[in-house]
Amino acid sequence: MNLLLTASGLRNETLRDALRDMLGKPFGSANVAYVPTASLAEPGDHGWFVEDLNRVHGLGWREFDVLELNGLPRQTVLDRLLQADVIYVSGGNHYHLARSITGNGLADGFLEALRSRVYVGFSAGSMIFSRHLTAHSADVIGDTADLHVLGATTLEPPFGLFDWYLKPHLYSPDFPERDDAWADRITARADFPLYFLDDETAVRVRDGKVDVVTEGRWRFHP
């Protein structure tokens, strides 16, 4: 399984090179499925989403598919995932994304597709693999409002692959409160390992090995 879990998409050449290496062929010879689901639950201006969509599209794929996880028959979604070489899952509300995967019965098929494809996560798309994606972690992190806005109080992690939790946008000008003091407050409460990533960084999971790819800064608290 090959995962590139970015904080804010493929923003620099180091991250794009990492994806090329994981893919093993030029982007122009590959199909990508871009999943916008998490963004649909996020209110306000979506210029950030359009910017990311254009950035990914601009890499010059053989085929650029946009695949929403809700509203389509389950098998249709899974078939289109299987047609992709790269599955790119966008940012937004990670709780909505997780609930879309579990609520539509996609978790097992999604995981099966990932065994022979490259997955790229952007923010919310990178946060859904932890077994600690629960109402408890929402309380620890301080974003229960993002869960409650969905009318939900409980959450089932769709995959539960990792013991660690990923939190993006450290030091980001778009999230000015996410500084070292913010990270320190979370780690003081957390009973699980945490990666904090800035917008130029990704956690790479490749054949069971985990490392960090970055042109920026990050923190890990075991």
Side-chain angles (χ1 to χ4, degrees), residues 3-11 31-59 61 63-84 86-111 113-114 117-130 133-135 137-138 141-160 165-169 172 174-175 178 197 199 202:
L3 314 176
L4 189 64
L5 306 178
T6 80
S8 195
L10 301 168
R11 291 168 59 105
N31 298 345
V32 63
Y34 188 102
V35 178
T37 300
S39 71
L40 302 180
E42 194 73 15
D45 184 84
H46 275 57
W48 60 269
F49 169 77
V50 175
E51 181 181 354
D52 184 67
L53 184 75
N54 287 334
R55 181 187 296 121
V56 178
H57 180 264
L59 295 176
W61 305 92
E63 180 178 287
F64 183 89
D65 186 19
V66 176
L67 176 60
E68 167 54 34
L69 301 182
N70 294 299
L72 292 172
R74 175 181 179 274
Q75 195 57 51
T76 298
V77 173
L78 296 179
D79 287 346
R80 284 171 61 180
L81 290 176
L82 292 173
Q83 291 170 16
V86 174
I87 298 169
Y88 186 104
V89 180
S90 182
N93 187 314
H94 58 298
Y95 299 124
H96 176 64
L97 176 60
R99 285 164 57 85
S100 297
I101 293 169
T102 56
N104 291 311
L106 297 171
D108 288 345
F110 212 113
L111 273 182
L114 292 184
R117 285 153 186 83
V118 179
Y119 179 97
V120 181
F122 163 23
S123 190
S126 296
M127 299 173 68
I128 57 174
F129 291 95
S130 176
L133 184 62
T134 63
S137 66
I141 299 296
D143 57 12
T144 53
D146 291 336
L147 179 60
H148 293 166
V149 76
L150 304 176
T153 56
T154 61
L155 181 69
E156 176 187 351
F159 304 127
Y165 191 98
L166 187 154
K167 191 65 179 171
H169 310 308
S172 172
D174 296 324
F175 299 87
R178 296 191 185 185
L197 307 183
D199 288 343

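The basis for the numbers below is simple: all heavy atoms, side chains too, and nothing from hydrogens, waters or symmetry mates.
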May I ask you to decide if [Y]'s main-chain N or O and [X]'s side chain share a donor-acceptor pair within less than 3.5 Å?
X      : Y      : answer
Arg80  : Val66  : yes
Arg55  : Arg11  : no
Thr37  : Leu97  : no
Asp199 : Ser8   : no
Tyr119 : Gly125 : yes
Arg178 : Ser172 : no

If you round to the nearest 0.5 Å, how far is [atom2] of [Y] from [atom1] of [X]?
X      : Y      : atom1 : atom2 : result
Leu81  : Leu111 : CG    : CG    : 11.0 Å
Leu10  : Phe122 : CG    : CZ    : 10.0 Å
Leu40  : Leu69  : CG    : CG    : 9.5 Å
Asp52  : His46  : CG    : NE2   : 12.0 Å
Leu133 : Phe159 : CG    : CZ    : 10.5 Å
Phe110 : Leu78  : CZ    : CG    : 9.0 Å

What's the shortest heavy-atom distance between [X] and [Y], and which atoms?
X      : Y      : result
Ser100 : Leu106 : O-CD1, 4.2 Å
Trp61  : Val56  : NE1-O, 2.8 Å
Leu150 : Asp146 : CG-O, 3.7 Å
Phe49  : Ser90  : CD1-OG, 3.7 Å
Arg99  : Thr154 : NH1-O, 3.8 Å
Pro36  : Leu67  : CD-O, 3.3 Å

With a 3.5 Å cut-off and no angle check, do the side chains of Ser123 and His169 form a donor-acceptor pair?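 Their side chains do contain a donor-acceptor pair, which is all the 3.5 Å distance test asks for.
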
Compare all side-chain heavy atoms of [X] with those of [Y] and state whether any distance is below 4.5 angstrom.
X      : Y      : answer
Lys167 : Asp143 : yes
Ser39  : Trp48  : yes
Val86  : Val120 : yes
Asn70  : His96  : yes

So His94 and Tyr165, would you call those rings parallel, tilted or perpendicular, with 30° and 60° as cut-offs?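 The arrangement is perpendicular - the two ring planes meet at more than 60°.
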
Inspect the surroundings of CG in Asp108 and state if more than 12 heavy atoms from other residues, nucleotides or ligands are less than 6.0 Å away.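 Not buried by this count: 12 neighbours or fewer within 6.0 Å.
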
Take Leu114 and Phe129, measure what side-chain contact (heavy atoms from CB on, under 4.5 Å) needs, and give me the verdict at the end. CA-CA 12 Å; Leu114 292 184; Phe129 291 95; 3.9 Å; yes

Just to verify, what does Thr144 make a side-chain contact (heavy atoms from CB on, under 4.5 Å) with, not counting sequence neighbours?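 Per chain and number, Thr144 pairs via side-chain contact (heavy atoms from CB on, under 4.5 Å) with Ala138, Asp139, His148.
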
Would you sort out whether Val32 and His57 count as a side-chain contact (heavy atoms from CB on, under 4.5 Å), showing the intermediate values? CA-CA 9 Å; Val32 63; His57 180 264; over 6 Å; no

